[in-house]
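Note that these values count all heavy atoms, side chains included, but never hydrogens, waters or copies made by symmetry.
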Amino acid sequence: MEKVPLSVVTLTKNSQEIIEDCLSSVYGWVEEIIIVDDTSTDKTLEIVKKYTDRIFIRKWIREGEHRNFAYGLAKYDYILSLDSDERVTTQLKEEIINIFKNGPQYAGYNIPHRNYIGSYWIKYGGWYPNAKLKMFRKDKFKYEEEAEYHPRAFLKGKTYTLRSDIIHYAYKDFHNLFSKLNHQTDFEARKWIRDKRKMNLRICMGKILSRFIKFYFLKKGWKDGFIGLMMALSSGLYQLMTYAKYWEIKNVEKINKQK
């Protein structure tokens, strides 16, 4: 099979349980696989060596900065950013191959995500198709580097949304969901402080309620049963946890000023 002139860039951190399925979904039909590893201490590096020798070790500090560094290592004009908990489906593989047979016409390509918690595919509540910009020209794309988490993406040029999916094992289970919420809201609270965002309990409660209504009712999360309810509640919980950490930081700052 003739390989596609595409660089797959994957970031890893103690990903031994999931990285093999990720890399095997692109191995053999793309020209380049790049791994940027955040000092893994498990068998991640041992596994990825079977798929590529383009392996770089770099400590994660800020997400945008880290991703931009990784994308800058690519040899080819187009990059497929594939996280270690993501898989390229056979249908997506064929769609991408056809794009390169005819020559890419767009600066970026949005790819639908089939998100899972455990073995359950979350179909409602805004979780599907949930297309994200995953394939792009490296000279047209950049993340903001200041954000610690969920940086804004900047693309110069037009985009196109593909039909086929990336499989995304978003959460191993509810424990993993709550663990990620705890981790993510640490960064979000610091972002609120850094941006000098005006926030109080009334605003927070309004956001919690509006998010639940949006994801559970308007986007039909209720069709996913108990899991749909939990995902809608978790979107509100994200706001509540962030506000609690924001309030705590502000309160500590206030106490320190009074000393």
_For Tyr106 and Tyr160, take the angle between the two ring planes, folded into 0 to 90°, and tell me which bin it lands in: parallel under 30, tilted 30 to 60, perpendicular over 60._
parallel
*So which heavy atom on Ile19 is nearest to which on Ser84, and how close?*
CD1-CB, 3.8 Å
*Side-chain (Glu31) to main-chain (Ser7) donor-acceptor, under 3.5 angstrom*: no
*asked:* Once side-chain hydrogen bond (donor to acceptor under 3.5 Å, both in side chains) is applied, do any residues pair with Ser164, and if so which ones, sequence neighbours excluded?
replied: Glu95
*Qualifying residues under side chain to side chain contact (heavy atoms under 4.5 Å, CB included), relative to Lys254, sequence neighbours excluded*: Gln258
*Check side chain to side chain contact (heavy atoms under 4.5 Å, CB included) between Ser235 and all other residues, then give those that pass, not counting sequence neighbours.*
Arg211, Phe215
*Answer yes or no: does atom NZ of Lys49 have more than 12 heavy-atom neighbours from other residues, nucleotides or ligands under 6.0 Å?*
no
*Among the clusters formed by ILVMFWY side chains lying less than 4.5 Å apart, do Tyr238 and Ile193 turn up in the same one?*
yes
*Think Arg58 forms a cation-pi with Phe69, using NZ or CZ under 6.0 Å from the six-ring centre and within 45 degrees of its axis?*
yes
*asked:* Could you tell me if Lys123 sits above the aromatic ring of Tyr120, with its cationic atom closer than 6.0 Å to the ring centre and no more than 45 degrees from the axis?
replied: yes
*Mind telling me whether Phe136 and Phe141 have parallel, tilted or perpendicular rings, with 30° and 60° as the class edges?*
parallel
*For residues Glu86 and His113, is any side-chain donor paired with an opposing acceptor at under 3.5 Å?*
yes
_Contact check, side chains of Leu229 and Trp222, non-hydrogen atoms, under 4.5 Å_ = no
